[in-house]
Every structure is written in C-alpha cells, then in structure tokens.
Amino acid sequence: VQLQASGGGLVQAGGSLRLSCASSKRTSSNNAMGWFRRAPGKEREFVAAIDWRGPSTYYADSMKGRFTISRDNAKNMLYLQMNGLKPEDTAVYYCATSKWSRHTTDSDYIYWGQGTQVTVSS
C-alpha cells in the first residue's frame with residue numbers, strides 16, 4: 001500500500017499550487033480517490049474526490065470553483081490543482097483511496113498517504 005503526496009509548500013494568498021499523489025497500481029486500480037486535509041487544531045475534512053473512470057468529481061462547498069481534482073490512471077497519479085488559495089486553506093493535505101470505484105463516504109477511504117503541508121500566507 002503506497003500513496004505518496006507531494007507538491008505542497010508556502011504560497012501567498014491568491015496563489016496556486018498543484019498537489020500530486022503517486023499510487024501503486026495495487027492501491028488505486030479500479031478505486032475512487034480523494035484529497036482530504038487537516039488544519040491545525042481541526043478535524044480532518046473532505047476536499048475533493050474523483051471516481052475511478054471519471055468524469056465524476058466531488059468537491060466540498062468551500063473548494064468548488066477554486067480546486068480541480070484529476071487523475072491519470074495510466075500513470076497511477078492523482079492531482080489537485082488549487083487556485084485562489086486562502087489562509088484558511090492552510091493544512092496538511094492527504095490523498096486517499098476508496099474501497100469502491102465511486103466516491104461514497106469519507107469512511108470508505110482505506111489507504112492514506114503521508115500528507116503534504118500547504119501554507120498560505122496573508
């Protein structure tokens with residue numbers, strides 16, 4: 001079980017970042033994948049998800065219009081393009097794999113990467 005998130009960093013408010021998640025074929029094959037985040041002192045929250053075949057995508061309300069999730073199944077890669085970043089987006093971002101081919105509920109995500117830190121300065 002391998003999920004490796006990368007692409008985090010420090011960015012000014014209004015800036016952009018692109019997160020990547022490399023997965024082993026065994027963990028991502030035929031499975032929906034998603035991004036979650038945990039801000040300091042807060043519980044983990046859902047960010048976005050994408051079904052195995054797409055194009056169905058799902059977003060938390062506060063991310064709609066700013067974040068775009070995508071995947072390249074041939075490369076076993078998951079991406080999160082984040083635009084218009086705000087200080088409240090500061091968090092550790094995690095990629096995860098669902099046990100199902102379509103996004104259902106957060107509790108169905110069973111494989112998790114180690115996270116990548118995103119810090120947005122005001």
Side-chain angles (χ1 to χ4, degrees):
V1 176
Q2 294 181 349
L3 291 172
Q4 183 74 36
S6 62
L10 174 63
V11 64
Q12 290 187 334
S16 299
L17 282 174
R18 188 194 194 203
L19 304 184
S20 299
C21 177
S23 66
S24 64
K25 184 173 178 62
R26 184 162 63 96
T27 59
S28 65
S29 181
N30 298 322
N31 297 97
M33 297 190 73
W35 290 97
F36 297 77
R37 70 185 186 186
R38 186 190 298 273
K42 296 185 178 181
E43 295 187 351
R44 186 182 67 201
E45 66 174 334
F46 170 76
V47 174
I50 184 167
D51 291 344
W52 157 240
R53 292 191 179 277
S56 295
T57 56
Y58 312 84
Y59 297 92
D61 288 343
S62 61
M63 287 68 163
K64 289 180 180 178
R66 298 191 300 126
F67 292 6
T68 302
I69 189 171
S70 61
R71 66 190 296 171
D72 184 336
N73 291 335
K75 297 181 178 179
N76 297 319
M77 293 294 295
L78 177 72
Y79 305 101
L80 184 69
Q81 178 66 43
M82 304 187 295
N83 299 327
L85 284 163
K86 305 174 182 179
E88 52 263 44
D89 293 318
T90 295
V92 178
Y93 285 71
Y94 301 88
C95 56
T97 299
S98 173
K99 61 182 178 181
W100 307 115
S101 62
R102 299 188 65 183
H103 171 67
T104 51
T105 63
D106 297 1
S107 60
D108 286 337
Y109 285 79
I110 57 174
Y111 299 119
W112 295 83
Q114 87 293 353
T116 185
Q117 176 70 47
V118 172
T119 302
V120 185
S121 62
S122 57

> Should Met63 and Phe46 be marked as a side-chain contact (heavy atoms from CB on, under 4.5 Å) after you check the CA-CA gap, both sets of side-chain angles, and the distance that decides it?
Replying inline: CA-CA 10 Å; Met63 287 68 163; Phe46 170 76; over 6 Å; no
> Should Asp89 and Arg37 be marked as a side-chain contact (heavy atoms from CB on, under 4.5 Å) after you check the CA-CA gap, both sets of side-chain angles, and the distance that decides it?
Replying inline: CA-CA 9 Å; Asp89 293 318; Arg37 70 185 186 186; 2.9 Å; yes
>> Please determine whether side-chain hydrogen bond (donor to acceptor under 3.5 Å, both in side chains) holds for the pair Ser98 and Asn31, giving the CA-CA distance in whole Å, both sets of side-chain angles, and the decisive distance to 0.1 Å.
In response: CA-CA 6 Å; Ser98 173; Asn31 297 97; 5.8 Å; no
>> Working note: Arg44 + Asp106, criterion salt bridge (Lys or Arg N to Asp or Glu O under 4.0 Å); need CA distance, chi angles, decisive distance, verdict.
In response: CA-CA 10 Å; Arg44 186 182 67 201; Asp106 297 1; over 6 Å; no
> Taking it one step at a time, do Leu19 and Tyr94 satisfy side-chain contact (heavy atoms from CB on, under 4.5 Å)?
Replying inline: CA-CA 10 Å; Leu19 304 184; Tyr94 301 88; over 6 Å; no
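When hydrophobic clusters are built by joining Ile, Leu, Val, Met, Phe, Trp and Tyr residues whose side-chain heavy atoms come closer than 4.5 Å, directly or via intermediates, Val47 is grouped together with Tyr59. Note: the hydrophobic cluster containing Trp112 does not contain Trp100 (ILVMFWY, side chain heavy atoms under 4.5 Å, direct or indirect links). Hydrophobic cluster membership is shared by Met33 and Ile110, with clusters built from Ile, Leu, Val, Met, Phe, Trp and Tyr side chains linked at under 4.5 angstrom.
The line from CD1 of Ile50 to OH of Tyr79 is 11.5 Å long, rounded to the nearest 0.5 Å. A distance of 10.0 Å separates NZ in Lys42 from OG1 in Thr90, rounded to the nearest 0.5 Å. The CD atom of Gln12 lies 9.5 Å from the OG atom of Ser122; values are rounded to the nearest 0.5 Å. In this structure, the separation between CG on Leu78 and OG on Ser70 is 7.0 Å, given to the nearest 0.5 Å. Rounded to the nearest 0.5 angstrom, Glu88 CD and Ser62 OG are separated by 8.5 Å. Atoms CG and CZ, from Leu80 and Phe67 in turn, are 6.0 Å apart once rounded to the nearest 0.5 Å.
Salt bridge status for Lys64 with Asp61: present, with a side-chain N to carboxylate O gap under 4.0 Å.
A donor-acceptor pair under 3.5 Å is absent between the side-chain atoms of Gln4 and the main chain of Gly113, judged by distance alone.
Among the candidates Asp51, Asp108, Thr57, the single residue satisfying the side chain to side chain contact (heavy atoms under 4.5 Å, CB included) test with His103 is Asp51.
Closest non-hydrogen pair, Arg38 versus Ala91, comes out as O-CB, 3.3 Å. Scanning all heavy atoms of the two residues, the minimum distance from Ser23 to Leu3 falls at CB-CD2, 3.2 Å. Minimum heavy-atom separation, Ser16 to Asn83: OG-OD1, 2.9 Å. Here the closest non-hydrogen pair linking Trp35 and Ala5 is CZ3-CB, 4.2 Å. Val118 approaches Gly8 most closely through the heavy-atom pair CG2-CA, 4.1 Å.
The 12-atom threshold is exceeded at CZ of Arg66, counting heavy atoms of other residues, nucleotides or ligands nearer than 6.0 Å.
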